[in-house]
Amino acid sequence: MKIDIDSIKKGGQNTLDLNFALDLNTIDYYGDVMNLISPVDVNGKIYVIDDRLYINLSITADMQADCSRCLEPFTYSFKSSVNAEFVHESLSNQNGEEPDEDIIYYRESTVDLDELIKENMIMNIPMKLVCHKGCKGLCSNCGEKIEGHSCDCEIQESKEEYLDPRLAKLKELLEQD
Ligand SMILES: [Zn+2]
Ligand SMILES: [Zn+2]
């Protein structure tokens with residue numbers, strides 16, 4: 001979504017409500033590709049004060065994910081918010097100061113929000129996605145999913161804390177010595 005600042009100003013306004021859908025399909029997440037099941041929903045407001053823009057957005061999207069505990073695919077409902085300040089590049093370095101990292105400089109009179117939204121999403125997707133909070137993962141003994149299925153191992157069920165299957169394997173190896 002490109003925002004034309006001049007047209008906001010020409011309309012004699014200094015705020016603009018935003019409500020649009022961004023069709024991304026995929027997100028490049030540190031080398032992994034995450035598939036989106038819905039368009040990215042963007043809602044928010046832009047405030048224009050002279051050559052400065054303040055942007056508040058909320059972002060939601062449904063993504064296809066694999067649970068990091070039980071490895072089953074599930075739909076992850078992503079939510080985040082963006083607060084950003086855009087400043088016209090003619091105002092940068094006016095006092096010979098280092099450019100402020102929190103400020104995004106724009107040229108001419110348009111601001112593109114897509115990159116900002118994509119970056120925000122990548123930063124806010126957790127490294128470990130879990131299908132639901134209490135997911136018990138896989139049995140360290142037989143590798144079966146623990147929930148909704150009862151293997152005969154009864155190893156993990158009796159433990160209070162969830163043990164990562166890989167750690168369990170390591171523990172097993174250490175105990176053999
Ligand atoms: Zn799970
Ligand atoms: Zn088992």
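Start at 1 and go down the list; that is how both ligands and their atoms are numbered.
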Note to self: Report whether any nitrogen, oxygen or sulfur of His132 sits less than 2.8 Å from the Zn ion (ligand 1) (N, O or S, backbone or side chain).
What the structure shows: no
Next item on the list: For Ser38 and Asp62, indicate whether the former's side chain and the latter's backbone hold a donor-acceptor pair under 3.5 Å.
Entry: yes
Notebook entry, point to check: Where the Zn ion (ligand 2) is the corner point, what angle links SG of Cys151 with SG of Cys139, to 10°?
Noted result: 110°
Checklist line | Any donor-acceptor pair under 3.5 Å from Asp4 side chain to Asp6 backbone | finding: yes
Item checked: Between His88 and Tyr106, ring centroids under 6.0 Å -> yes
Checklist line | Angle, SG of Cys142 through the Zn ion (ligand 2) to SG of Cys153 - 10° precision | finding: 110°
Margin query: Salt bridge or not between Lys136 and Glu147? Use side-chain N to carboxylate O under 4.0 Å.
Written below: no
